[in-house]
Amino acid sequence: MRVVVIGTGYVGTVTGACFSYLGHQVTCVDTDAAKILRLQRGEPAIYEPHLETLLRLAAERGGIQFTTDLGPPVAAADVVFIAVGTPPLPSGEADLSYLEAAARSIGAAMDDSRFRVVVNKSTVPVGCGNLVETLVREGMGDARPSGCRGVRFGVASNPEFLREGCAVADSLYPDRIVVGASDETTMEVMRQLYAPLVAQNFDAPPGVPRPSGMTRAPLVSATLTSAEMIKYAANAFLAMKIGFANEMANICERVGAEVTEVMAGIGLDSRIGARFLNPGLGWGGSCFGKDIQALMHTAREYGYESKLLQASLEVNAAQRHMVIQKLQEKLFILKGRSIGLLGLAFKPDTDDLRDAPSLYIAERLLQMGARVKCFDPVALEACRQQRPDLRLRYCQSVRELATDSDALVVVTEWAEFRSLDLAEIASLMAKPILVDGRNLFDPDAALAAGFDYTGVGRCPRPRPAPSPREEGVPARMPAS
Ligand SMILES: NC(=O)c1ccc[n+]([C@@H]2O[C@H](COP(=O)([O-])OP(=O)(O)OC[C@H]3O[C@@H](n4cnc5c(N)ncnc54)[C@H](O)[C@@H]3O)[C@@H](O)[C@H]2O)c1
């Protein structure tokens, strides 16, 4: 099928690359000419594992193109995806201006040569499926004042669930594909488009193996409104689950329990599940905060105040501040202290800094007069460019970060940090204080390495050994 993807950010580029890998003919469109130029050279504008390989494979078979000119590819397309940003406005409402511009341009480019499906992949407030249809019609009308009889199209909502850092695997091997459609013809086009993913009958690309035992991906068909609501409900639940783990961690700290043991204990309950129960600095990124705000805003429009969603936001904000409190407990005065941040990206394996806890922590520490240094394996340059206002010292290695620091804070749980020589790092510091905001390290190992260690919800007292623990229960849940 001929597929157009509008917006070449984290979602659009991965979506385009994956559909091309599955054999569709893809054109990716963006208004950002610099991004398109890079993509034409085969360089993704974002850091995302395996994306460059997938783009190379797609380009080699002539299955993907990049352009700033939306008209010709939309005119030739069977399916047009909208994957533009929907950032939050100060009110919490989603900013739909990019979506509106894209939908109108699609309408202006359509003719009566074929039936097309316009698919909304951006996360949009409930009810936007209808809005997209209206905007496409308006765009059509503006371009052809004489009338657009015979131009046929359907609208679908196909929310995206990929996680940055493992976006390619998430797109090729999804837990589920959700499609809301305006009519059965539209739904049928979407079924055809997704047939290879549903059947899982394609060869796995290099470095991205199919999960063992996966034979199919379920396609959930829903109304437009339900599909939009599924996306918000999923993100609200995940954010709440992390918030719950953080609440439990805060209580564990006070009563002297070890939160990793508590989460392992509850995670084995199949009704709860083990993933997303890692306490720490809380969630960040471009989605959870914005989507919860947008859902609350929609609920409010219908006269409903969601107390649970409000609490999720508040618990998450408090977790970020908890780091400052822990540093104050250890150092008392932060003015003039040298604090090193291990990690800047909002999560590992991405360079995305949107709503990253690191930025909040850096801002607060700088306001309090501390000197802030940072190291991140991939996000240093992004931070330098996006936040020139922050007076951060950018370090090229963890050793440089640690040297003469009064404390280190683990902000992002990059895998490579796990294998650090903790004793060496501690020996380089002015004060070997480690605030482990992601519970990345084993407290005993950190203490043995000479660190004054504090994690999140961790029991500082020596535990009796051997403990009468049930065999086979992991001490820490796998990272989600
Ligand atoms: N990033 C994620 O992990 C993720 C996951 C699930 C869903 N989403 C949702 O997907 C959507 C896209 O997110 P993203 O992170 O990829 O955004 P992004 O900001 O990385 O990319 C958006 C792109 O759209 C382009 N754009 C804006 N207006 C345009 C127009 N009129 N025509 C062509 N291009 C245009 C921008 O230049 C930019 O390159 C959002 O609604 C987001 O909530 C994101």
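We're numbering straight along the sequence, starting at 1. Counting convention: from 1, in listed order, for ligands and their atoms alike.
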Out of [options], whose heavy atom is nearest to [atom]?
{"atom": "atom 37 (O) of ligand 1", "options": "D32, D30, T15", "value": "D30"}
{"atom": "atom 24 (O) of ligand 1", "options": "G165, P88, G7, S286", "value": "G7"}
{"atom": "atom 27 (C) of ligand 1", "options": "Y98, F346, F161", "value": "Y98"}

- Message: Side chains of L55 and T13, heavy atoms from C-beta outward: is any pair under 4.5 Å?
- Response: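 Counting from C-beta outward, L55 and T13 do come under 4.5 Å.
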[X] and ligand 1 - part of the residue with a heavy-atom distance under 4.0 Å:
{"X": "P159", "value": "neither"}
{"X": "R354", "value": "side chain"}
{"X": "L162", "value": "both"}
{"X": "K35", "value": "side chain"}

Considering non-hydrogen atoms of the protein only, which is the closest contact for [atom], and what is the distance?
{"atom": "atom 30 (C) of ligand 1", "value": "T31 CG2, 3.7 Å"}
{"atom": "atom 9 (C) of ligand 1", "value": "T123 OG1, 3.4 Å"}
{"atom": "atom 41 (O) of ligand 1", "value": "T86 OG1, 2.6 Å"}

- Query: What about F346 and F288, are their ring centers closer than 6.0 Å?
  - Reply: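 No, the ring centres sit 6.0 Å or more apart.
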- Task: May I ask you to check whether F81 and F19 place their ring centres under 6.0 Å from each other?
- Result: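 Yes, the ring of F19 comes within the 6.0 Å limit of the ring of F81, centre to centre.
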- Item | Element-labelled atoms of ligand 1 that are located less than 4.0 Å from some non-hydrogen atom of C287 |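 The list of qualifying atoms is 2 (C), 4 (C), 5 (C), 8 (N), 44 (C).
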- Atoms of ligand 1 close to E164 [distance to a heavy atom under 4.0 angstrom, numbered from 1]: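 Answer for ligand 1: 1 (N), 2 (C), 3 (O).
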- Charged N to carboxylate O under 4.0 angstrom, E164 versus K347?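 Salt bridge between E164 and K347, a charged N being under 4.0 Å from a carboxylate O: no.
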- Of the non-hydrogen atoms in K231 and P159, which two are nearest, and what is the gap between them?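 That closest heavy-atom pairing would be CB-CB, 3.5 Å.
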- Query: Which atoms form the tightest heavy-atom contact between A59 and I64, and what is the distance?
  - Reply: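 Closest heavy-atom pair between A59 and I64: N-CG2, 3.8 Å.
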- Query: Do the rings of F202 and Y173 sit parallel, tilted or perpendicular, given the 30° and 60° boundaries?
  - Reply: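 Parallel: the ring planes of F202 and Y173 meet at under 30°.
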- Query: Hey, does the Lys NZ or Arg CZ of R384 hover above the aromatic six-ring of Y394, less than 6.0 Å from the centre and inside 45° of the axis?
  - Reply: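 Judged by the rule (NZ or CZ under 6.0 Å from the ring centre, within 45° of its axis), R384 counts as positioned above Y394.
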